[in-house]
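Taking it in order: structure first as structure tokens, then the write-up.
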Amino acid sequence: MKVSPQRMEGLSRLPPLGFGGAAIGNLYAATTDAAARAVVEAALAAGVGYFDTAPHYGFGLSETRLGEALAGRDVAISTKVGRRLEPTTSTDRERHGFVDAAPFEPVFDYTRDGVLRSFEDSQRRLKRERVEVLLAHDLGRDTHGHDHVRHMRDFLDGGYGAMRELRDAGLVGTIGLGVNEQAVCEEVLDHADIDVFLLAGRYTLLEQAPLDGLLPRCVERGVKLIVGGPFNSGALVETGQALHYNYGPASEAIVARVGRLRQVCAAHGVPLTAAALQFPLAHPAVISVIPGMGAADQVADAAAWMETSIPAALWDDLRSEGLLREDAPTP
């Protein structure tokens, strides 16, 4: 089933470059409210009109900070459902990768009631009645193991229907998944009529597996893709040998492949980061790319990389070196 023109109109508000909001939820390092607001204001000044967040990011902190900074602004926002935030008395300074975050513990809940409760809480934190995109967060077998079947059943039998209700009521423009796993996107396509995937780290300059199966199905169904994690958790933006990939230390093979990518880009006078940001957008299913932004200089860098001129010969050389699939569309 094709996505309706009305829902496509909502997706058309998403620009090519968006703002990934995990960092202002204190991902891996604490930041102040003032510093977080400065980053958001820098993004607005750079013309960024799309901001992605989630209750999980700082356990409400990212949404709260965006709500304060974007009050009265006509921008597109995506947030997520699938976790309830329960009060906690934990004194651990770092929990689930977030430092000095809000005093809540995330609990997976893809039921109808869980989704509706989560969205209502997000409305309050974001100070908005409506969001452009609502995504079911972190479904997938790699994430949940044996619990995947239960969570998927809860979603298809309950949470998915709630998301449709919110969309039909005009409180949400479009619905989909926000995940790290390609397989769960294809699984949901077998059972649900959705509009968009936010897929992190799977369709990048470093890996293009979604060209097999997922992306052709998205084109056929009219489903759009938002590319999260375009730098693969840091591998395509960091320098040196201590790279990160998939939220952990990169293997020697990944480090070597990134080194080869960087050499080809350097031969053409192009930053690897510019090629990494622009590459996914060449695919007809991809509507936006959203790197994480935690500082004003990161905003400026991303905006500059998006405007960097990249010669066609660079993509040709990446293909000839076996670093880019022959069937991957390029800018």
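The analysis underlying the following values was restricted to heavy atoms, covering all of them including side chains, and did not include hydrogens, waters or symmetry mates. Quick caveat: nothing in here was measured; it's all calculated off a predicted structure.
- When side chains are defined from C-beta on, Ser90 does not count as touching Glu105, because their heavy atoms never get closer than 4.5 Å.
- Shortest non-hydrogen contact noted between Ala200 and Tyr247 is CB-OH, 4.2 Å.
- Between atom CD of residue Glu187 and atom NE2 of residue His148 there is a gap of 3.5 Å, rounded to the nearest 0.5 Å.
- Residue Tyr50 holds its OH atom at 11.0 Å from CG of Leu17, rounded to the nearest 0.5 Å.
- Between the side chain of Arg319 and the backbone N or O of Ala328, at least one donor-acceptor pair lies under 3.5 Å.
- Val99 and Tyr28 fall into different hydrophobic clusters, where Ile, Leu, Val, Met, Phe, Trp and Tyr are joined by side-chain heavy atoms under 4.5 Å apart, directly or via other members.
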Would you give me the side-chain donor-acceptor pairs under 3.5 Å for residues 258-272, sequence neighbours excluded?
{"from": "Arg260", "atom 1": "NH2", "to": "Glu321", "atom 2": "O", "distance (Å)": "2.7"}
{"from": "Arg262", "atom 1": "NH2", "to": "Glu238", "atom 2": "O", "distance (Å)": "2.9"}
{"from": "His268", "atom 1": "NE2", "to": "Asp317", "atom 2": "OD2", "distance (Å)": "2.7"}

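- Distance check: Thr89 OG1 to Asp92 CG gives 10.0 Å after rounding to the nearest 0.5 Å.
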Would Ile175 and Tyr160 satisfy side chain to side chain contact (heavy atoms under 4.5 Å, CB included), going step by step from the backbone distance to the final call? CA-CA 9 Å; Ile175 62 172; Tyr160 167 61; 4.1 Å; yes

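- Within the 4.5 Å cutoff, the side chain of Leu85 has no heavy atoms near those of the Asp121 side chain.
- Between the side chain of Arg125 and the main chain of Gly67, no donor-acceptor pair closer than 3.5 Å is present.
- Using a distance-only test at 3.5 Å, with no hydrogens or angles considered, no donor-acceptor pair links the side chain of Ser62 to the main chain of Gly58.
- Legend: side-chain hydrogen bond (donor to acceptor under 3.5 Å, both in side chains) pairs involving residues 301-315, not counting sequence neighbours, sorted by first then second residue: Thr273-Trp305.
- With no hydrogens or angles considered, no side-chain donor-acceptor pair links Asp138 and Thr143 at under 3.5 Å.
- Panel note: side chain Thr111, backbone Asp154; no donor-acceptor pair is recorded below 3.5 Å.
- For the pair Ala275 and Ile310, the tightest heavy-atom approach, listed with the atom from each and the gap, is CA-CD1, 3.7 Å.
- Looking at Arg73, its side chain never comes within 3.5 Å of a backbone N or O of Leu44 through a donor-acceptor pair.
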Thr88 and Phe59: side chain to side chain contact (heavy atoms under 4.5 Å, CB included), yes or no, with the steps? CA-CA 11 Å; Thr88 181; Phe59 320 128; over 6 Å; no

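- When atom types are taken as modelled, the side chain of Arg221 and the backbone of Leu189 share a donor-acceptor pair closer than 3.5 angstrom.
- Contact check for Thr174 versus Lys224: no side-chain heavy atoms found under the 4.5 Å cut-off.
- If you take CD on Glu63 and CD on Gln123, they are separated by 10.5 Å, rounding to the nearest 0.5 Å.
- The aromatic rings of Tyr57 and His137 lie perpendicular to each other, with more than 60° between the two planes, well past the 30° mark.
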Going through the checks in order, is the side chain to side chain contact (heavy atoms under 4.5 Å, CB included) test met by Asp33 and Glu68? CA-CA 10 Å; Asp33 290 345; Glu68 294 289 342; over 6 Å; no

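- Within the 4.5 Å cutoff, the side chain of Asp52 has heavy atoms near those of the Leu135 side chain.
- Taking a cutoff of 4.0 Å between a charged side-chain nitrogen and a carboxylate oxygen, Asp113 and Arg84 do not qualify as a salt bridge.
- The closest donor-acceptor contact from the side chain of Glu207 to the backbone of Tyr203 lies at 3.5 Å or more, if one exists at all.
- Under the 4.5 Å side-chain heavy-atom criterion for Ile, Leu, Val, Met, Phe, Trp and Tyr, Val40 and Leu61 are members of distinct hydrophobic clusters.
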Would Phe155 and Leu177 count as a side chain to side chain contact (heavy atoms under 4.5 Å, CB included) if you check the C-alpha gap in whole Å, the side-chain angles of each, and the deciding distance to 0.1 Å? CA-CA 11 Å; Phe155 173 67; Leu177 303 188; 4.0 Å; yes

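- Cluster membership for Ile24 and Leu27, using ILVMFWY side-chain heavy atoms within less than 4.5 angstrom, is not shared.
- Cluster membership check: Leu134 shares its hydrophobic cluster with Met152, using side-chain heavy-atom separations under 4.5 Å among Ile, Leu, Val, Met, Phe, Trp and Tyr.
- Other residues, nucleotides and ligands contribute more than 12 heavy atoms inside 6.0 Å of the CZ atom of Arg124.
- Within 6.0 Å of CD on Glu120 lie no more than 12 heavy atoms contributed by other residues, nucleotides or ligands.
- Taking both residues in full, the closest heavy atoms of Asp212 and Gln182 are given as O-NE2, 3.2 Å, listed atom of the first, atom of the second, then distance.
- Taking the side chain as every heavy atom from C-beta outward, Ile77 and Leu66 never approach each other to under 4.5 Å.
- Between His283 and Gln208, the side chains place no donor N or O within less than 3.5 Å of an acceptor N or O (distance only, hydrogens not considered).
- Between Gly228 and Ile290, the shortest heavy-atom distance links the atoms CA-CG1, 3.8 Å.
- No side-chain donor-acceptor contact under 3.5 Å links Ser118 to the backbone of Gly114.
- Using a 4.5 Å heavy-atom cutoff, the side chains of Val75 and Val48 are not in contact.
- With values rounded to the nearest 0.5 angstrom, Cys218 atom SG is found 9.0 Å from Leu199 atom CG.
- Phe19 places none of its side-chain heavy atoms less than 4.5 Å from the side chain of Thr53.
- Between the Glu132 side chain and the Ser78 main chain, no donor and acceptor come within less than 3.5 Å of each other.
- The pair Arg13-Asp74 meets the salt-bridge criterion, with a side-chain N (NZ, NE, NH1 or NH2) lying under 4.0 Å from an Asp/Glu carboxylate O.
- In this structure, CG on Leu281 lies 10.0 Å from CG on Leu225, to the nearest 0.5 angstrom.
- When all heavy atoms are compared, the tightest approach of Met293 to Ala302 is CE-CB, 3.9 Å.
- Closest heavy-atom contact between Ala285 and Leu215: CB-CD2, 3.9 Å.
- In the hydrophobic clustering of ILVMFWY residues, with side-chain heavy atoms under 4.5 Å counting as a link, Phe51 and Val39 come out together.
- The aromatic rings of Tyr110 and His144 lie perpendicular to each other, with more than 60° between the two planes, well past the 30° mark.
- A heavy-atom distance below 4.5 Å is found between the side chains of Glu165 and Arg112.
- Between Asp195 and Arg167, at least one side-chain nitrogen of the basic residue sits less than 4.0 Å from a carboxylate oxygen of the acidic one, meeting the salt-bridge criterion.
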